[in-house]
Enquirer: 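To start, I am sharing the structure in question, which I have written as structure tokens.
Just so you know, these numbers come straight off a predicted model, no measurement behind them.
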Amino acid sequence: MTSGITGAAAVTAAAPAVQMQDVTKCFGKVVACDRVGLTVDRGEIHGLLGQNGAGKSTLMKILLGLVMADTGRILVNGRPTAITDPLVAAQAGISMVHQHFSLVPALRVWENVTLGERRGVDRDRSRRLVREVGERYGLEVDPDARVADLSTGQRQRVEIIKCLRRDPSLLILDEPTSMLTLAESRELFTVLRRAVRDEDKTVILISHKLDEIVHATDRVTIMRGGAVVGRRETAATDVRELAREMVGRELSKWTAASAVGTLDALVSPTADRAVADEVRLRITDAHATAPDGRPLLRGLSLEVRAGEILGLAGVEGNGQTAVGDLLSSLLELDRGSVEVCGSAVPPGRPGAMHAAGVGVVPEDRHVSGCVLDMSVGENLVLADLGRVSGRGFVSPRRLRAHAEGLIREFDISVPSPDTPMRLLSGGNQQKVVLARELAGDPKVLVVAQPTRGLDVGAIEYLTERVYDAAKSGIAVLLISTELEEILTLAHRVAVIHRGAVVGEMNRAEVDVERLGLMMGGQAA
């Protein structure tokens, strides 16, 4: 890399905001970036696409100074620049909103936003800054709220505000809308477009929602296998072409619409398939409150039958997390009941739901789905150590054999079962969680936000495995804020609002406008 910030190259109005030339980075024998070239012009929103493991994150970490390239160089505003650490990147006007949160739950919003300040922190000034940035970018959030009490979407807002408060000239957004509602996403991109136009800012947008890329960006660069495989003017392409470039093949017909993120012409293979009468999961009049007294569930009732996929749709923060916690034995009820295969299961008793035959793929795999510092093999048996134990001890031989079988069956891309979980891509981590839950032969499978943050190839695979699970007779509760995902898979759609189911409809009878009204709390 070129050393120092050199003034030899004159900055002109025509100079790109950033150029990355022949950037290569290897981790051992793995080539993460192979002579990658990326040019982002000033005043544009530039899309960066690729499957998990394509090299996008490594490339952006190099630009941010978190990783040093083996070869290549970076030019910022036409000047060769050695970005040796994030401080140099910040001085060059480069800032990034990461996909996974880096917030301290016990602190308030304004405290999280000002973490890392070198100068003294003024509480009133910090609170005012949070409000000003939030209003300016349409990301309002209470500066005095504790992060632990915020919904996932609100936490995403705090992460974005943390970045925007530094007023960067080049903003990198990694899956910024993965936890925002459709309306919030549209507002964010409207504000970003205004900032690009009126404030001469530049944006690099990493997203797996291809329709989002098509509607929000000016140009797009596509990576596959650590190399750039395509560059497109966004106006001259479409989602299917981009998906084909990303995965190197055509997507299967019925998952394509869900994977690319469009409601147009969705065809659900479940719509006409008959479902058994046996009710596998019944939740009746469930009421629950948070430790601080906030209501989480307000009389929620639902049923899921054998072989059925029930899609639970709703705006983020309306009780979806509480439903997942309830079925993971993490939440007690104030009143109400849960039955699995006709038998009552005590809510909140550790292990009771799992013992009754409920498998859960949680909404945040890093928080409650896996242990990142443990191996893939260990994560694959977390739910059932008895399977690989004898006389009270885990058998390494049986653990390895069990893990190798699931790695083959679920096509998990990993060097060995001994590989630490944190080294896997998001898609492969999700495969591990799903493989572990299905290996337990559940009667009921709960999948919460199963494809959040995944690329189109991983989305296609996970979608088909969930469909196959229902086809085999498992009752599936699909909790998702992605309507495309629900309308692709579900036999029935139930809408959750403020902790209660406010309406249901069969997939074949779905009216998207009516569904949207119910999600907003209106009778329809």
Enquirer: Pick out which of Ile62, Ile94, Leu64 makes a side-chain contact (heavy atoms from CB on, under 4.5 Å) with Ile83.
Expert: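 The option that passes is Ile94.
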Enquirer: Please report the interatomic distance CG(Leu445) to CG(Leu434), rounded to the nearest 0.5 Å.
Expert: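 Result: 6.5 Å between the selected atoms.
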Enquirer: Is the side chain of Glu437 donor-acceptor paired with the backbone N or O of Val360 at a distance under 3.5 Å, no angle test?
Expert: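 Flag set: sc Glu437 to bb Val360 pair under 3.5 Å.
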Enquirer: With a 4.5 Å limit on heavy-atom distance, are the side chains of Leu489 and Val466 in contact?
Expert: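 They are in contact (side-chain heavy atoms under 4.5 Å apart), so the answer is yes.
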Enquirer: With the threshold set at 4.0 Å, does a side-chain nitrogen-carboxylate oxygen contact exist between Lys25 and Asp70?
Expert: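 Between Asp70 and Lys25 there is a salt bridge, with a charged N closer than 4.0 Å to a carboxylate O.
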Enquirer: Checking side-chain contact (heavy atoms from CB on, under 4.5 Å) for the pair Leu192/Leu173: CA distance, chi angles, key distance, verdict?
Expert: CA-CA 11 Å; Leu192 286 174; Leu173 297 171; 3.3 Å; yes
Enquirer: Would you please test Asp149 and Asp292 for side-chain contact (heavy atoms from CB on, under 4.5 Å) and show each step?
Expert: CA-CA 9 Å; Asp149 298 333; Asp292 62 1; 3.8 Å; yes
Enquirer: Counting N and O atoms only, with roles assigned by atom type, does the side chain of Glu363 sit under 3.5 Å from a partner on the main chain of Gly324, one being a donor and the other an acceptor?
Expert: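 A pair under 3.5 Å: no.
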Enquirer: With no hydrogens and no angle check, do the side chains of Glu378 and Ser375 hold a donor and an acceptor under 3.5 Å apart?
Expert: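 Checked: Glu378/Ser375 side chains pair up, N/O donor to acceptor below 3.5 Å.
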Enquirer: Would a distance-only check, ignoring hydrogens and angles, find a side-chain to backbone donor-acceptor pair under 3.5 Å from Gln320 to Gly314?
Expert: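 Pair found, side chain donor or acceptor close to backbone of Gly314.
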Enquirer: May I ask you to decide if Val23's main-chain N or O and Arg35's side chain share a donor-acceptor pair within less than 3.5 Å?
Expert: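 Between the backbone of Val23 and the side chain of Arg35 there is no qualifying donor-acceptor contact (under 3.5 Å).
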Enquirer: Hey, are Arg219 and Asp41 close enough for a salt bridge, meaning a charged N less than 4.0 Å from a carboxylate O?
Expert: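 Looking at Asp41 together with Arg219, the answer is yes, because their closest N to O distance falls below 4.0 Å.
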Enquirer: Which heavy-atom pair separates Leu164 from Pro168 by the least distance, and what is that distance?
Expert: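 Minimum heavy-atom separation between Leu164 and Pro168: O-CD, 4.0 Å.
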Enquirer: Does any N or O in the side chain of Asp218 come within less than 3.5 Å of the main-chain N or O of Ile45, such that one atom is a donor and the other an acceptor?
Expert: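 Checked: pair present.
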Enquirer: Salt bridge check, Arg127 against Asp124: does any charged N sit closer than 4.0 Å to a carboxylate O?
Expert: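 A salt bridge is present here (some side-chain N lies under 4.0 Å from a carboxylate O).
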Enquirer: Name the residue from Arg193, Arg42, Arg194, Arg136 that meets the salt bridge (charged side-chain N to carboxylate O under 4.0 Å, His left out) definition with Glu199.
Expert: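 Of Arg193, Arg42, Arg194, Arg136, salt bridge (charged side-chain N to carboxylate O under 4.0 Å, His left out) with Glu199 is met by Arg136 alone.
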Enquirer: Say you draw a straight line from CD of Glu245 to OG1 of Thr237; how long is it, rounded to the nearest 0.5 Å?
Expert: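 One finds 7.5 Å between CD of Glu245 and OG1 of Thr237.
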Enquirer: What closest approach, in Å, do Val228 and Gly37 show between heavy atoms, and which atom pair accounts for it?
Expert: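 Between these two residues, the closest heavy atoms are CG2-O, 3.7 Å.
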Enquirer: Ile486 versus Leu478: any side-chain heavy-atom pair under 4.5 Å?
Expert: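 Of all side-chain heavy-atom pairs linking Leu478 with Ile486, at least one is under 4.5 Å.
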Enquirer: Measure across Met223 and Val229 and return the closest heavy-atom pair with its distance rounded to 0.1 Å.
Expert: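 What the structure gives for the nearest pair is C-CG2, 4.2 Å.
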Enquirer: May I ask you to decide if Val104's main-chain N or O and Asn112's side chain share a donor-acceptor pair within less than 3.5 Å?
Expert: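 Checking the backbone N and O of Val104 against the side chain of Asn112, a donor-acceptor pair under 3.5 Å is found.
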Enquirer: If the threshold is 4.0 Å, N to carboxylate O, is there a salt bridge linking Asp142 and Arg108?
Expert: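 Between Arg108 and Asp142 there is no salt bridge, as every charged N stays at least 4.0 Å from the carboxylate O atoms.
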Enquirer: Taking only Lys NZ, Arg NE, NH1 and NH2, and the carboxylate oxygens of Asp or Glu, determine whether Arg232 and Glu241 approach each other closer than 4.0 Å.
Expert: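 Looking at Arg232 and Glu241, the cut-off is met.
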Enquirer: Is there a donor-acceptor pair closer than 3.5 Å between any side-chain N or O of Thr217 and the backbone N or O of Val214?
Expert: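 Absent.
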Enquirer: Rounded to the nearest 0.5 Å, what separates atom CD1 in Ile204 from atom CG in Leu38?
Expert: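 Reported value, rounded in 0.5 Å steps: 5.5 Å.
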Enquirer: Side chains of Arg165 and Ile160: closer than 4.5 Å at any heavy-atom pair?
Expert: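 SC-SC contact between Arg165 and Ile160 ruled out.
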Enquirer: Using the side-chain contact (heavy atoms from CB on, under 4.5 Å) rule, pick out the option among Val147, Val113, Leu115 that qualifies with Leu107.
Expert: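 Output: one option passes, namely Leu115.
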Enquirer: Going through the checks in order, is the side-chain contact (heavy atoms from CB on, under 4.5 Å) test met by Val203 and Val196?
Expert: CA-CA 8 Å; Val203 176; Val196 166; 3.9 Å; yes
Enquirer: Is Arg73 salt-bridged to Asp22, cutoff N-O under 4.0 Å?
Expert: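 No salt bridge links Arg73 with Asp22.
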Enquirer: Minimum heavy-atom separation for Ala216 to Leu205, with atom names?
Expert: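 So the minimum-distance heavy-atom pair works out to CB-CD2, 4.2 Å.
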Enquirer: Does Ser169 use its side chain to pair, donor to acceptor, with the backbone of Lys201 at less than 3.5 Å?
Expert: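 Such a contact is absent between Ser169 side chain and Lys201 backbone.
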Enquirer: Is the count of non-hydrogen atoms from other residues, nucleotides or ligands lying under 6.0 Å from Arg498 atom CZ greater than 12?
Expert: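 No, CZ of Arg498 has 12 or fewer neighbouring heavy atoms, counting only those of other groups under 6.0 Å.
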Enquirer: Name the residue from Thr221, Ile206, Asp174 that meets the side-chain contact (heavy atoms from CB on, under 4.5 Å) definition with Lys56.
Expert: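 By the side-chain contact (heavy atoms from CB on, under 4.5 Å) criterion, Lys56 pairs with just one of Thr221, Ile206, Asp174: Ile206.
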Enquirer: Using atom types as modelled and distance alone, determine if a side-chain donor or acceptor of Asn379 lies under 3.5 Å from a backbone N or O of Val371.
Expert: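 Here the side-chain-to-backbone pair exists.
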Enquirer: List the steps, then state whether side-chain contact (heavy atoms from CB on, under 4.5 Å) holds for Leu462 with Lys431.
Expert: CA-CA 7 Å; Leu462 267 295; Lys431 286 182 182 181; 4.1 Å; yes
Enquirer: If you define the side chain from C-beta out and look only at heavy atoms, does anything of Val18 sit under 4.5 Å from Leu63?
Expert: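 Yes - at least one pair of side-chain heavy atoms lies under 4.5 Å apart.
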Enquirer: Keeping Thr419 on the side-chain end and Pro417 on the backbone end, is there a donor-acceptor pair under 3.5 Å?
Expert: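 A pair under 3.5 Å: no.
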Enquirer: Please find the pair of heavy atoms, one from Arg436 and one from Leu380, that lie closest to each other, and give the distance.
Expert: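 In terms of heavy atoms, the two residues are closest at CG-O, 3.4 Å.
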Enquirer: CZ/Arg294 to CG/Leu296 distance, rounded to the nearest 0.5 angstrom?
Expert: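 With rounding to 0.5 Å, CZ (Arg294) is 6.0 Å from CG (Leu296).
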Enquirer: Do the side-chain N and O atoms of Glu485 and Thr451 include a donor-acceptor pair separated by under 3.5 angstrom?
Expert: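 Yes, side-chain donor-acceptor contact under 3.5 Å.
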Enquirer: Do Phe27 and Thr58 touch side chain to side chain, with heavy atoms closer than 4.5 Å?
Expert: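 Of all side-chain heavy-atom pairs linking Thr58 with Phe27, at least one is under 4.5 Å.
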Enquirer: Does Val432 reach the side chain of Leu424, with side-chain heavy atoms less than 4.5 Å apart?
Expert: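 Yes, at least one pair of side-chain atoms sits under 4.5 Å.
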Enquirer: Is there side-chain contact between Val121 and Trp110, with at least one heavy-atom pair below 4.5 Å?
Expert: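 SC-SC contact between Val121 and Trp110 confirmed.
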Enquirer: So, do Arg231 and Ile222 sit near enough that their side-chain heavy atoms are less than 4.5 Å apart?
Expert: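 No, their side chains stay 4.5 Å or more apart.
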Enquirer: Identify the heavy atoms of Ser480 and Gln449 that sit nearest to each other, and give their distance.
Expert: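 Nearest heavy atoms, Ser480 then Gln449: CA-OE1, 3.4 Å.
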Enquirer: Starting at OG of Ser126, measure out to CZ of Arg131 and round the result to the nearest 0.5 Å.
Expert: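 The CZ atom of Arg131 is 11.5 Å from OG of Ser126, to the nearest 0.5 Å.
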Enquirer: NE2/His46 to CD1/Ile172 distance, rounded to the nearest 0.5 angstrom?
Expert: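 Going from NE2 on His46 over to CD1 on Ile172, the span is 12.0 Å.
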